[in-house]
Each structure stands twice: as structure tokens, then as C-alpha cells.
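See below for the structure under consideration.
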Amino acid sequence: EVQLVESGGGLVQAGGSLRLSCAASGFTFDEYAVGWFRQAPGKEREGVSCMSVNDGELYADSVRGRFTISGDNAKSTVYLQMNNLKPEDTAVYYCAAVYPGSLAMLAVNSPGVYDYWGQGTQVTVSS
């Protein structure tokens, strides 16, 4: 059974940092793409970043230069380091996975191609 568990969310002041973790189990980690999405109240879910071992990383324009996605194959965990956070980054953040990884790497905002989703973690940035 594929499982994705996010952690690391919380409340932070504008300009601060958080690191989200997505712990994966039940699949061969390096054959999948893993993406981070977020959804703010009243808004659609949007892609933030995604990565696959063979195809690199993608970032949304709104986070490029502030967020960094990385993976630890030994721990089957993908991280999202978020720096210089802004109030508009406030949302529930979800990780998702899809096989093969290349399906997700055409566009960062492609929630429909993902098969597996975590439960989400809340990130709140105060001004």
C-alpha cells in the first residue's frame, strides 16, 4: 500500500523558514515523481514543486528562488525547504506521487496526473 505522510508545517512569521517532509512507503521511491501542492481557503489546489530522480525539479514561478525540493532515497523522503516565507504562502501543503515519474515533469501544476496523496500539513505565515 502506497502511503505519503507530510510533516513540518506550522506557524511562522513572514521572512521565516520551514522545512516540510513527505515520508513515502509502499513503492520504489526513485521510480516515481513526487510533487508538492498547496491549497489556500477558497482557492484551487496549485502545484508548488516536483521532482523525479531522472527528470530533475520544477518550481512554480511564485516560489522559485525561495523554495527548494530535495529527496533522500535512503529514507524515502522528499523535503520542501521554504525560505523567505510570505503571508500568501499560507495554505495546506500536500505531497503526491505518480509512476512513472516522467508523467509529472511536463508541468509543475498537474494535480490530475498524480495517483497518491498525503493528508496535508498546514502552513501559516503571519505578517
Side-chain angles (χ1 to χ4, degrees):
E1 180 185 5
V2 174
Q3 286 192 327
L4 300 170
V5 179
E6 303 98 333
S7 61
L11 173 63
V12 64
Q13 289 188 332
S17 298
L18 284 173
R19 188 178 78 159
L20 304 183
S21 298
C22 173
S25 61
F27 61 92
T28 305
F29 184 71
D30 59 1
E31 295 179 352
Y32 282 64
V34 176
W36 285 98
F37 292 79
R38 65 187 181 187
Q39 189 165 20
K43 295 188 176 182
E44 293 186 354
R45 189 170 297 190
E46 64 171 347
V48 174
S49 181
C50 58
M51 68 170 291
S52 94
V53 172
N54 296 322
D55 300 288
E57 305 97 37
L58 294 175
Y59 295 94
D61 289 343
S62 59
V63 306
R64 188 176 292 111
R66 299 188 298 123
F67 291 11
T68 303
I69 192 170
S70 62
D72 185 333
N73 283 358
K75 296 182 178 180
S76 294
T77 299
V78 172
Y79 304 98
L80 186 68
Q81 178 67 43
M82 305 186 296
N83 298 330
N84 191 22
L85 282 161
K86 304 176 181 180
E88 52 263 43
D89 295 319
T90 295
V92 178
Y93 283 71
Y94 300 88
C95 69
V98 63
Y99 173 86
S102 57
L103 285 177
M105 300 307 291
L106 296 177
V108 66
N109 193 26
S110 55
V113 305
Y114 287 84
D115 297 319
Y116 306 102
W117 291 82
Q119 82 289 349
T121 186
Q122 176 70 48
V123 171
T124 303
V125 184
S126 63
S127 57

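Below, each value reflects all heavy atoms present in this structure, side chains not excepted, and no hydrogens, waters or symmetry copies.
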> Under the side chain to side chain contact (heavy atoms under 4.5 Å, CB included) criterion, do Y116 and F27 qualify, and how do the steps go?
Replying inline: CA-CA 11 Å; Y116 306 102; F27 61 92; 5.7 Å; no
> When rounded to the nearest 0.5 angstrom, what distance separates SG in C22 from CG in L4?
Replying inline: 4.5 Å
>> Nearest 0.5 angstrom please: S126 OG to L11 CG, how far?
In response: 5.0 Å
> Which value, rounded to the nearest 0.5 Å, describes the distance between T90 atom OG1 and R38 atom CZ?
Replying inline: 9.0 Å
>> Is there a path of hydrophobic side-chain contacts, each under 4.5 Å between heavy atoms of I/L/V/M/F/W/Y residues, joining V53 to V108?
In response: no
> Where is the tightest heavy-atom contact between N83 and S17, given as atom of each residue plus distance?
Replying inline: OD1-OG, 2.9 Å
> For A104 and A33, which heavy atoms make the closest approach, and how far apart are they?
Replying inline: CB-CB, 3.6 Å
> Looking at N73, I69, D72, L20, which one forms a side-chain contact (heavy atoms from CB on, under 4.5 Å) with V78?
Replying inline: I69
> With distance as the sole test, does S49 use its side chain to make a donor-acceptor pair with the main-chain N or O of L58 at under 3.5 Å?
Replying inline: yes
> In Å and rounded to the nearest 0.5 Å, what is the OG to CD distance from S76 to Q3?
Replying inline: 12.5 Å
>> Using a 3.5 Å distance criterion without hydrogens, assess whether the side chain of E6 forms a donor-acceptor pair with backbone atoms of G120.
In response: yes
>> R66: which residues meet the salt bridge (Lys or Arg N to Asp or Glu O under 4.0 Å) condition with it, sequence neighbours left out?
In response: D89
> Going hydrophobic residue to hydrophobic residue with side-chain gaps under 4.5 angstrom, can you get from Y59 over to M51?
Replying inline: yes
> Tracing side-chain links under 4.5 Å among I, L, V, M, F, W and Y, which residues wind up in one group with V98?
Replying inline: F37, V92, Y94, L103, V113, Y114, W117
> In Å, rounded to the nearest 0.5 Å, how long is the span from OG of S70 to CD of E57?
Replying inline: 8.5 Å
> Roughly how far, to the nearest 0.5 Å, is CD of E44 from CD of Q39?
Replying inline: 8.5 Å
> Can you name the nearest heavy-atom pair linking G47 to A60, along with the distance?
Replying inline: O-CB, 3.5 Å
>> Run the side chain to side chain contact (heavy atoms under 4.5 Å, CB included) test on F67 and L80 for me, step by step, so that the C-alpha distance in whole Å, both residues' side-chain angles and the decisive distance to 0.1 Å come before the verdict.
In response: CA-CA 7 Å; F67 291 11; L80 186 68; 4.1 Å; yes
> Shortest non-hydrogen contact from M105 to G56?
Replying inline: CE-O, 3.2 Å
> Do side-chain atoms of E31 reach the backbone of P100 as a donor and acceptor pair under 3.5 angstrom?
Replying inline: no
> Taking the side chain from T121 and the backbone from Y93, do they hold a donor-acceptor pair closer than 3.5 Å?
Replying inline: no
